[in-house]
Amino acid sequence: MDFLNDLNPQQRKVVTTTEGPVLVLAGAGSGKTRSIIYRTAYLLNTARVNPNNILIVTFTNKAAQELKKRLHRSFHIATYSLWVGTFHSICMRILREEYEHLPFTKDFSIFDDLDQKATFKMIYKKLEIDSKNFPLRKITTIISNQKNSLVSPQDFFKFNEENFFTKTTYKIYLEYQKFLLKNNALDFDDLLMYTAIMFHDNNSIRKKYADRFKYVMIDEYQDTNYAQFKLINLIAMDHQNLCVVGDDDQAIYSWRGANISNILNFEKDYKNVYTVKMEQNYRSPKSILSAANCLIKNNSERYAKELWTDIRSAERPKLLKLDDEHQEAKFAAEMIAQLHSRGTSLNNCLILYRTNAQSRVFENAFYQAKLTYQIVGGVNFYQRKEIKDIVAYLRFLINPNDEVSFSRIINFPPRKIGKVTLKKIENYTHKNQLTLFDALQHDIPSLNKKTSQRVKDFGKLLFKWQRSAYKVEITSLIKEIIDDLELISLYDSSNDPKDIARSENLKEFVTASKEFTDNFEQETDTPMITSFLQSISLQTDMDNLDEEIESVKLMTMHNAKGLEFDHVFIAGLEDGLLPHSRSFDNEHQLEEERRLLYVAITRARKTVHLTYTRMRPVFGSKSLSIPSRFLMEIDDDLIDTENNRYYDLMAPRPQKKKKNRSVVTENQKFFRIGQIVSHSKFGNGVILNVDGKGKAAKLSVSFSGGQLKKIIGTYVTRGNE
DNA sequence: AGATGCCGGATTTTT
DNA sequence: TCCGGCATCT
């Protein structure tokens, strides 16, 4: 119990209040992660809870690993039987365990957004839909939102929707889900949706997990969506031992379906909630925190709170104006070079920007300055063409119905099998009720002799690998495939500059597979290759950071959540970038952009540099930049603009608006997604979307009578949940 | 089947 | 500016 002395009174309360619902409103740098770790240790060592009975949900795989590492190091806790992971990885494990009750096998493929895109293209072709009228991006977003609200296509088809666009969208949705199942595949959202719906529909399975996970902790609760809320609710509703930790000021994922009202309504969703506010910041000096506080006060959708700190005497955030984006990058590189020459590790330096596209100039500048850097995000390692290709081979061997992978590999490397042949193979497969894999072993009548031979040769090759797949180690299999296809020499002999790095990446992939094999903890009777494929689908770039290399880190502000660095450089503080132009006309989105900057600033332990440019290329042509409106919201005396040759104020400071800075009122959180409401004419219905706040919010409601309506909140009443 | 070239459109953030 | 999609040619 001695370890409780390491904690402040609030943290101690969080740690020792093990029974019943606990809400922890934890500001940036207030020791949130620490509290979760200590709470887990307390549950295990003091309260003698069996590790099997604990579920911890983190926001990234990396955070999960870190947590395990620290539990092990500081408390000598064996983390083997502890369930720690992201929502997605935890759902993946559950679905694999319960596949008998589900419409797919445990070998299911996980489709990333590239696979998803390929799928939609096939569907568009089949349904003869013009992507001009139904832009892919828009449609995938809508469908993703439906899944995150647990609305299945069948639910929608019950409604007699008149609107052509909506009707077509649901047709696509339905077809998409059918296609995925036919391919034994799930997308990211499906992982959550199938699990939540399974718990909802099958009480004995729900009970099994509710009994298993007697103690549940969720980190970053402000960024959970409805499916995640429901999922956790179904697990915790019986025992109520649920501890959620989050900060409404750091909610930055609403575009992904995250619903801030999950955290704001926690005290209503659960009974007798014990609430702890942690407002002492242990990370940043007062000079930095004051600026952050001043900024975030401009948001109206928040719990009123103010972070404070004992850490004093440091510099205020510096604001600098550079001529263009090259100068901006060069400036950061020079500053970091200077710090580095005085003994600062590059590991303590962070570059943050709003969009991935901004990273390129920084790469350049750091390369010039001979400073080692690592980029997080952008094109994920596993999304690169050469890696997707080899993964597609592996996937197809395991999952012989995976059309997306099949169409990827059938003619790569080129073996003179084109799309006509592909279509014929698919038809033959369909007609004879075969898997694609088996069809390749046949003589397909509609093919001419030459083509048929090529197809059969390919089939033989796949057959050979499939036998290896169940016999040899993953790494050997991968090597075998790469050798047989002569991929390395293919890329090395290429004239295309893009191919230069490809053979290197392939080698790295081999190494990664080896690492996986070495660290693999056999959890079920699932073949290792299945686990490998599924786990790499959920890997992010953050997980692939090489910790051994001392380097400056470059990433988007979204990726920076939960991290801390001594020196933080925040670039591109310009209207259009931050706040992003796409958020200009929407107050909610503007507030989210503001939170993004708040998150960025509060990463810093020692210094913050805010930069913007005089001029920046937009759509290819240079145009004058406008300094971010957020800069004007921070009081003059909190920002250092003096003794600074770069600074000159170019835009007139807009008048600050008077803002409602009070606590979120009942009115503001009146409706939320999933709530049941009733209407005098349409009867009962469930809310699918809320636009605006308060009683007068615009609601999208699906009524039990079948209508899907947009309605002003004042015309409905809330029913029981 | 594959290479070439033109046009139009899009540009946020990620598991 | 760059990328992807489409048409056309070989």
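Reminder, nothing fancy here: chain letters follow the sequence lines and each chain counts from 1. Values in this document were obtained by computation on a predicted structure and should not be read as measured data.
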* To do: Specify the separation, in whole Å, of atom CD of Gln358(A) and atom P of dT11(B).
  => 16 Å
* To do: Would you mind reading off the distance between Lys121(A) atom NZ and dG5(C) atom P, rounded to a whole angstrom?
  => 4 Å
* **Residue among Phe87(A), Tyr253(A), Tyr221(A) satisfying ring-ring contact (aromatic ring centres under 6.0 Å, His included) with Phe59(A)** => Tyr253(A)
* Per Thr355(A) side chain, nearest of listed nucleotides dT13(B), dA1(B), dT15(B) -> dT13(B)
* Asked: What is the distance, rounded to the nearest whole Å, between atom OH of Tyr124(A) and atom P of dG5(C)?
  -> 13 Å
* To do: May I ask you to check whether Phe104(A) and Tyr194(A) place their ring centers less than 6.0 Å from one another?
  => yes
* Would you mind classifying the nucleic acid contact of Asp189(A) as base, sugar-phosphate or nothing, using non-hydrogen atoms under 4.0 angstrom? => nothing
* So, is Asn559(A) near the phosphate of dT14(B), with a side-chain N or O under 4.0 Å from OP1 or OP2? -> yes
* If you take atom types as modelled and just measure distance, does the side chain of Arg354(A) reach the base of dT13(B) with a donor-acceptor pair under 3.5 Å? -> yes
* Touch class at under 4.0 angstrom, heavy-atom based, for Ile417(A) against every strand present -> sugar-phosphate
* Structure fact -> Ranking dG5(C), dA1(B), dT13(B) by distance to the side chain of Lys416(A), first place goes to dA1(B)
* Asked: OP1 or OP2 of dG2(B) sitting under 4.0 Å from any side-chain N/O of Asn411(A)?
  -> yes
* Asked: If only atom types and distance count, is the side chain of Glu574(A) paired as donor or acceptor with the main-chain N or O of Thr613(A) below 3.5 Å?
  -> yes
* What interatomic distance, in whole Å, is found between C1' of dT12(B) and the corresponding atom of dG5(C)? -> 23 Å
* Atom-pair distance (NZ on Lys138(A); C1' on dT12(B)), nearest Å -> 17 Å
* Asked: Do we see His558(A) stacking on the base of dT13(B), given a limit of 5.5 Å between centres and 30° between planes?
  -> no
* For DNA chain B, whose closest nucleotide is more 5', that of Ser583(A) or that of Pro414(A)? -> Pro414(A)
* Just call it for Asn61(A): base, sugar-phosphate, or nothing, with non-hydrogen atoms closer than 4.0 Å on any strand. => nothing
* Lys NZ or Arg CZ of Lys117(A) over Phe111(A) ring: under 6.0 Å, within 45° -> no
* Asked: Looking at the side chain of His88(A), which of dT14(B), dA1(B), dT15(B) is the nearest nucleotide?
  -> dT15(B)
* Which residue, Arg454(A) or Ile252(A), contacts DNA chain B at a nucleotide closer to its 5' end, judged by nearest heavy atom? -> Arg454(A)
* To do: Hey, can you tell me if Phe458(A) and Tyr393(A) have their rings parallel, tilted or perpendicular (30° and 60° cut-offs)?
  => perpendicular
* Asked: Starting at CG of Asp190(A) and ending at P of dT15(B), how long is that distance when rounded to a whole Å?
  -> 17 Å
* Please answer whether the main-chain N or O of Arg415(A) pairs with a side-chain N or O of Asn411(A) as donor and acceptor at a distance below 3.5 Å. => yes
* Nearest-angstrom distance from the residue atom CZ of Arg360(A) to C1' of dT11(B) -> 14 Å
* Asked: Which is true for Asp113(A) with a 4.0 Å heavy-atom rule: it touches a base, it touches only sugar-phosphate, or it touches nothing?
  -> nothing
* Starting at CD of Glu592(A) and ending at C1' of dT14(B), how long is that distance when rounded to a whole Å? -> 12 Å
* Asked: Whole Å only: how far is the CG atom of Leu538(A) from the P atom of dT14(B)?
  -> 16 Å
* Aromatic ring of Trp255(A) stacked on base six-ring of dT12(B), 5.5 Å, 30° -> no
* Asked: Are OP1 or OP2 of dT14(B) and a side-chain N or O of Asn356(A) less than 4.0 angstrom apart?
  -> yes
* Asked: Between dT14(B) and Thr556(A), is there an OP1 or OP2 to side-chain N/O distance shorter than 4.0 Å?
  -> yes
